Number of protein chains: 2
Amino acid sequence: MSTISTENYLKKIFNHNKAFGEKINAVKLAQELSVSNAAISDMAKKLSKHGLISYEKYKGIELTDKGEQMALNVIRRHRLWELFLIKVLDIPWSEVHEQAEVLEHHTSDKLIDRIDEFLGFPDFDPHGHPIPRKNGSLPDAQNYVTLAEAAEGSSYELMQVDDHEKKLISYLTKVGFVLNTRFVVIDKLDFDKSYTIKFNDTVLSVSQKISESLYLQEIIEAGEKND
Amino acid sequence: MSTISTENYLKKIFNHNKAFGEKINAVKLAQELSVSNAAISDMAKKLSKHGLISYEKYKGIELTDKGEQMALNVIRRHRLWELFLIKVLDIPWSEVHEQAEVLEHHTSDKLIDRIDEFLGFPDFDPHGHPIPRKNGSLPDAQNYVTLAEAAEGSSYELMQVDDHEKKLISYLTKVGFVLNTRFVVIDKLDFDKSYTIKFNDTVLSVSQKISESLYLQEIIEAGEKND
DNA sequence: ATATTTTTTTAAGTATGCTTGAATTCATAA
DNA sequence: TTATGAATTCAAGCATACTTAAAAAAATAT
Ligand SMILES: [Mn+2]
Ligand SMILES: [Mn+2]
Ligand SMILES: [Mn+2]
Ligand SMILES: [Mn+2]
């Protein structure tokens with residue numbers, strides 16, 4: 001009971017729960033996976049039978065412990081591949097996600113552990129997401145804020161970007177706004193809720209839409225009070 | 001029309017033709033792929049329809065140019081992965097084949113070309129097999145002899161080993177008889193057709209069965225006549 | 001030439017994972 | 001409380017890739 005499809009279902013269920021703190025609705029899951037509601041109905045039955053999810057209809061779908069372990073394993077393979085592809089093979093930042101989306105389903109434990117070791121047991125992937133460890137634990141990710149919530153005049157570091165936004169990541173690469181870049185919020189335009197930020201010698205205008213996909217950590221200068 | 005199954009069919013058809021210089025018989029193909037004759041019948045129809053093979057019944061199956069290009073591509077991916085896994089990730093010699101058997105079907109052109117470049121556009125895989133180039137051409141492999149055909153007293157270099165013989169390769173690794181090892185044939189025992197060979201400081205007895213899986217190139221010492 | 005054996009194909013069935021459209025079940029708003 | 005709409009499931013069908021058993025076709029042996 002570990003096929004490409006089931007692995008993708010488990011991953012989506014897990015990620016939704018992680019992002020929103022609640023079980024995912026069957027209709028939502030169908031939309032997210034681009035399949036029909038009937039397909040969800042079918043698959044939910046299979047996953048339940050195998051003890052991977054618990055599903056109360058009209059309530060939502062949740063992973064069991066067993067299902068969560070499987071999901072974490074897929075995510076581990078995904079994120080380790082992403083990091084390996086960009087670090088070792090120099091695959092562009094914007095492309096690693098879609099390559100990993102395939103490889104995550106075709107990698108033995110032995111191979112992924114070698115990749116993990118080769119990379120020095122990293123904690124974060126190229127988009128700033130935590131990489132589940134072999135034992136299933138997750139490095140803690142801070143509570144980031146999005147640029148849309150940032151304060152004028154403050155300094156931030158870019159900590160995380162949505163990995164599935166290929167076009168956005170191409171753009172960020174092009175303008176040099178990569179992960180771990182430190183910048184200052186120069187201006188927040190009320191008119192269109194866009195931001196003007198400055199990093200290195202670049203001044204960049206960031207639309208509201210983009211600002212919602214950039215996850216930041218505020219940089220507290222030495223000597224400044226935090227609170 | 002490029003699924004895991006079809007890729008495996010094409011590969012087998014190609015390899016048989018390469019090894020024996022003749023089209024493969026449908027029954028033989030069934031045995032090689034561990035499927036029923038009925039499955040071959042089905043698949044042969046599909047592959048023919050897509051112009052990948054030409055099949056005259058009771059005569060045998062042959063790749064078309066298009067089919068051969070596809071086969072070469074799969075083999076390219078397979079052999080590049082093998083080399084990458086052993087060189088970069090230090091996966092044991094005896095295990096790279098089975099890992100590559102999976103990855104060969106899940107690797108984009110972009111990724112395999114990066115791997116090729118990373119390895120410096122190599123000509124041979126870890127078992128001494130030629131790696132098809134991006135353009136479909138094959139580096140020439142010499143006409144090797146097997147140890148079973150070797151002459152007492154002569155010197156040879158181990159040039160190629162059957163990649164699917166996992167146990168054999170484990171054994172060769174254990175005793176240190178790896179690819180490109182140079183050795184002398186000390187003795188050939190008529191009794192069981194076994195060989196005694198010497199390389200570095202090791203004297204090894206090689207059974208007849210093993211001797212047939214080791215492909216060699218004779219080493220002509222400087223000053224010796226060839227013929 | 002005929003019989004036997006081998007090769008090949010057909011037919012029906014299984015499993016996964018989808019689809020669409022029609023039923024059904026449930027939640028909720030009037 | 002009942003009507004409406006949303007969520008869910010059922011039924012039938014499709015595609016891939018297999019299986020076994022039986023039938024058919026061709027090759028080979030006598
Ligand atoms: Mn990703
Ligand atoms: Mn996936
Ligand atoms: Mn191989
Ligand atoms: Mn394969």
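Just so it is clear: chains get the letters A, B, ... in the order the sequence lines come, proteins before strands, and each one is counted from 1. No experiment lies behind these values; they were computed from the predicted model shown.
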Next on the checklist: Does dT16(D) have OP1 or OP2 under 4.0 Å away from a side-chain N or O of Ser5(B)?
Outcome noted: no
Next on the checklist: With a 4.0 Å limit, can you tell me whether Tyr9(B) has a side-chain N or O closer than that to the phosphate oxygens OP1/OP2 of dT16(D)?
Outcome noted: no
Checklist entry - Using a cut-off of 4.0 Å on non-hydrogen atoms, how would the nucleic acid contact of Ser36(A) be classed: base, sugar-phosphate, or nothing? => result base
Checklist entry - Which heavy atom in Val178(B) sits nearest to a heavy atom in Leu158(B), and how many Å separate them? => result O-CD2, 3.4 Å
Please give, in whole Å, the distance from [N] [atom2] to [X] [atom1]?
X        : N       : atom1 : atom2 : result
Ile61(A) : dT9(D)  : CD1   : P     : 9 Å
His50(B) : dA17(D) : NE2   : P     : 10 Å
Asn8(B)  : dC18(D) : CG    : C1'   : 14 Å
Lys49(A) : dG17(C) : NZ    : C1'   : 14 Å
Gln31(B) : dC18(D) : CD    : C1'   : 18 Å
Met1(B)  : dA15(D) : CE    : P     : 14 Å

Checklist entry - Would Arg79(A) and Glu82(A) pass as an ion pair if we require N to O under 4.0 Å? => result no
Item to check | Glu104(B) bridged to Lys11(B) by N-O distance under 4.0 Å | outcome: yes
Checklist entry - For the side chain of Lys66(B) and the backbone of His50(B), is there at least one donor-acceptor N/O pair under 3.5 Å apart? => result yes
Item to check | Side-chain donor or acceptor of Tyr215(B) paired with backbone N/O of Leu147(B) under 3.5 Å | outcome: no
Protein-nucleotides 5-9 of chain C N/O pairs under 3.5 Å:
residue : atom : partner  : partner atom : Å
dT7(C)  : O2   : Tyr58(B) : OH           : 3.2
dT8(C)  : OP1  : Tyr58(B) : N            : 2.9
dT9(C)  : OP2  : Ser41(B) : OG           : 2.6
dT9(C)  : O5'  : Ser41(B) : OG           : 3.2

Next on the checklist: Measuring from the side chain of Thr3(B) (C-beta onward, heavy atoms only), which nucleotide among dC18(C), dT16(D), dT19(D) has the closest atom?
Outcome noted: dT16(D)
Checklist entry - Is the ring centre of His97(B) less than 6.0 Å from the ring centre of His78(B)? => result yes
